[in-house]
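First up is the structure itself, then whatever we jot down about it.
In what follows, every chain begins at residue 1, and chains take the letters A, B, ... in the order their sequences are listed.
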There are 2 protein chains.
Amino acid sequence: MLALHTPEGTLADVASTKLTQAIITGELIQGQKLNESDLAERYGIGRGPLREALRQLEGMRLVKRIPHAGARVVTLDRDMMADLYAVREALEGMACRTAALRMTDAEIDTLRLLLEKHAEQIEATDGQIYVQSEGDFDFHYQIALGSRNQMLIDLLAGELYQLLRMCRYRTSRLSARTRPALQQHRHIVDALTARDGELAEILMRRHISGAWKSISEMMDEENDSKPKLITRSKAASGS
Amino acid sequence: MLALHTPEGTLADVASTKLTQAIITGELIQGQKLNESDLAERYGIGRGPLREALRQLEGMRLVKRIPHAGARVVTLDRDMMADLYAVREALEGMACRTAALRMTDAEIDTLRLLLEKHAEQIEATDGQIYVQSEGDFDFHYQIALGSRNQMLIDLLAGELYQLLRMCRYRTSRLSARTRPALQQHRHIVDALTARDGELAEILMRRHISGAWKSISEMMDEENDSKPKLITRSKAASGS
DNA sequence: TTCTCAATGATTGTTGACAATCTTTTTCCA
DNA sequence: TGGAAAAAGATTGTCAACAATCATTGAGAA
């Protein structure tokens with residue numbers, strides 16, 4: 001909840017955050033061409049700052065720029081999502097291992113309290129994945145912070161989590177396994193409390209790889225159930 | 001050796017690579033203020049492209065930009081290096097695990113051949129750390145490629161390895177443990193050959209954490225041996 | 001003398017116009 | 001009619017000037 005709206009700042013930075021939001025929410029569709037002049041006019045700024053914003057988004061892997069050919073919103077295909085979850089598994093595993101050694105007792109208590117709040121939310125708003133999804137981010141983000149590794153925090157919060165949010169938005173109907181996830185979260189906090197870094201890492205990695213497995217299977221089902229609707233995809237896909 | 005010199009491209013991109021090189025080699029000193037006008041004139045380009053290059057370098061964590069205050073070359077202090085090696089341990093561990101499942105037999109053979117070449121180089125140019133250092137990068141880069149995880153490859157080759165090179169350049173006199181490293185490399189290739197992903201990951205992580213331990217200790221010694229020479233550092237250092 | 005505050009200078013942020021490149025359309029020939 | 005080359009259009013890349021902000025210096029008062 002901190003530093004999200006960015007009330008002031010350079011035009012390039014506010015454009016960057018606005019573009020980020022627009023991409024994550026799907027307002028800008030995947031693979032869509034991003035016309036500099038149009039976007040600049042849309043946000044009421046010049047092309048200079050907008051170009052800098054695009055370069056920044058490129059660094060976050062939200063857009064792909066090709067020289068002299070413009071920028072496009074990244075397309076989150078299945079392979080890329082698999083890559084993302086693998087990287088996430090490695091990084092959050094490490095974060096969890098380190099957090100087990102560096103988090104204060106108070107922070108771990110706060111984390112446990114957070115889980116109780118999530119449990120209530122799940123009971124109250126059964127099926128409301130959107131709120132629970134943000135709660136999930138809170139949990140993982142707090143552990144990343146607990147690692148005290150700034151580079152790790154930047155990588156996770158600054159790059160991966162944006163892509164992950166994009167995934168969630170795209171596959172929001174899927175992945176309704178909030179309750180088992182909550183249980184896994186509890187076990188992770190237990191490992192943190194025991195200051196068992198190795199176990200905490202293993203649990204976190206299992207948690208994330210399990211999440212991907214679940215999402216992956218659901219995508220399979222959805223693709224198998226209506227294969228003719230997606231026939232428009234090019235047969236001879238380039239590169 | 002591919003796509004390093006970038007003979008052509010946009011001015012912003014060539015400026016980006018030139019700046020990267022200048023920072024890694026120490027031509028631009030750590031913490032140094034980067035004046036846009038000066039740099040633009042130095043590279044014979046306008047300030048627009050140069051600003052885009054700086055934004056790009058910011059994404060690679062080679063410079064730190066502060067709004068209205070300009071950009072500075074990042075300062076690789078001990079904490080940041082520790083963070084870097086921890087992240088690298090996680091990412092390369094995952095890369096190694098995945099590579100064990102996805103690399104072709106031919107690629108693994110090539111990797112083994114590479115190690116033999118390194119062994120010869122070590123015998124021939126004993127102490128020449130620079131060439132061996134690049135060989136080390138080759139090894140790790142090939143394994144990253146073997147993971148077939150594009151995001152992982154981008155993260156390692158595009159961001160972490162640049163910072164790592166910067167470290168090496170700074171601490172080149174230290175870390176002369178090429179021979180044990182070579183032996184560890186051999187064991188990793190053995191694990192890859194056996195298609196044992198878990199073992200390969202463990203060995204790679206041990207290899208990297210050991211490297212950090214070694215560097216860390218050598219930095220300690222250097223700091224302890226001549227403490228009075230560094231007395232000029234500000235007593236009340238501001239933020 | 002020292003602290004505060006205003007004025008000056010330097011640097012960054014932004015804009016609009018111009019040049020280079022790519023894409024599309026049109027035209028011409030086979 | 002089909003395809004290829006050329007011209008027109010649109011888009012990206014680049015530049016130089018202008019505005020806004022920050023840092024420094026100097027003057028003035030306590």
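- In Glu41(A), the CD atom is not crowded: 12 or fewer heavy atoms of neighbouring residues, nucleotides or ligands sit closer than 6.0 Å.
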Which atoms of nucleotides 13-16 of chain C (N or O only) lie under 3.5 Å from a protein N or O atom, and what are those distances?
| residue | atom | partner | partner atom | Å |
| --- | --- | --- | --- | --- |
| dG13(C) | OP1 | His68(B) | N | 3.1 |
| dG13(C) | OP2 | Arg51(B) | NH1 | 2.4 |
| dG13(C) | OP2 | Arg51(B) | NH2 | 3.1 |
| dG13(C) | N7 | Arg47(B) | NH2 | 2.8 |
| dG13(C) | O6 | Arg47(B) | NH1 | 3.0 |
| dT14(C) | OP1 | Leu11(A) | N | 2.4 |
| dT15(C) | OP2 | Gly46(A) | N | 2.6 |

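- With a 6.0 Å radius and a threshold of 12 heavy atoms from other residues, nucleotides or ligands, Lys33(A) has its NZ atom above the threshold.
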Gln142(A) vs Thr110(A), test: side chain to side chain contact (heavy atoms under 4.5 Å, CB included). Steps then yes/no. CA-CA 9 Å; Gln142(A) 288 304 322; Thr110(A) 306; over 6 Å; no

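- Salt bridge annotation for Glu27(A)-Arg42(A): present, with a cationic side-chain nitrogen under 4.0 angstrom from a carboxylate oxygen.
- Note on ring orientation: taking the six-membered ring where Trp is involved, the planes of Tyr141(B) and Tyr161(B) are perpendicular (angle over 60°, cut-offs 30° and 60°).
- Here Leu34(A) lies in heavy-atom contact (under 4.0 Å) with sugar-phosphate atoms only.
- Within the structure, a side-chain polar atom (N or O) of Asn35(B) is placed less than 4.0 Å from OP1 or OP2 of dT12(C).
- For Lys33(B) and dA10(C), the NZ to P distance is 13 Å, given to the nearest whole Å.
- For the pair Asp38(B) CG and dT11(C) C1', the interatomic distance rounds to 10 Å; values are reported in whole Å.
- Between Glu41(B) atom CD and dT14(D) atom C1' there is a gap of 17 Å when expressed in whole angstrom units.
- Spacing between atom CZ of Arg55(A) and atom C1' of dT14(D) amounts to 12 Å, rounded to whole angstrom units.
- Residues Glu217(B) and Arg78(B) are not paired through a salt bridge, judged by the lack of any N-O separation under 4.0 Å between the basic side chain and the carboxylate.
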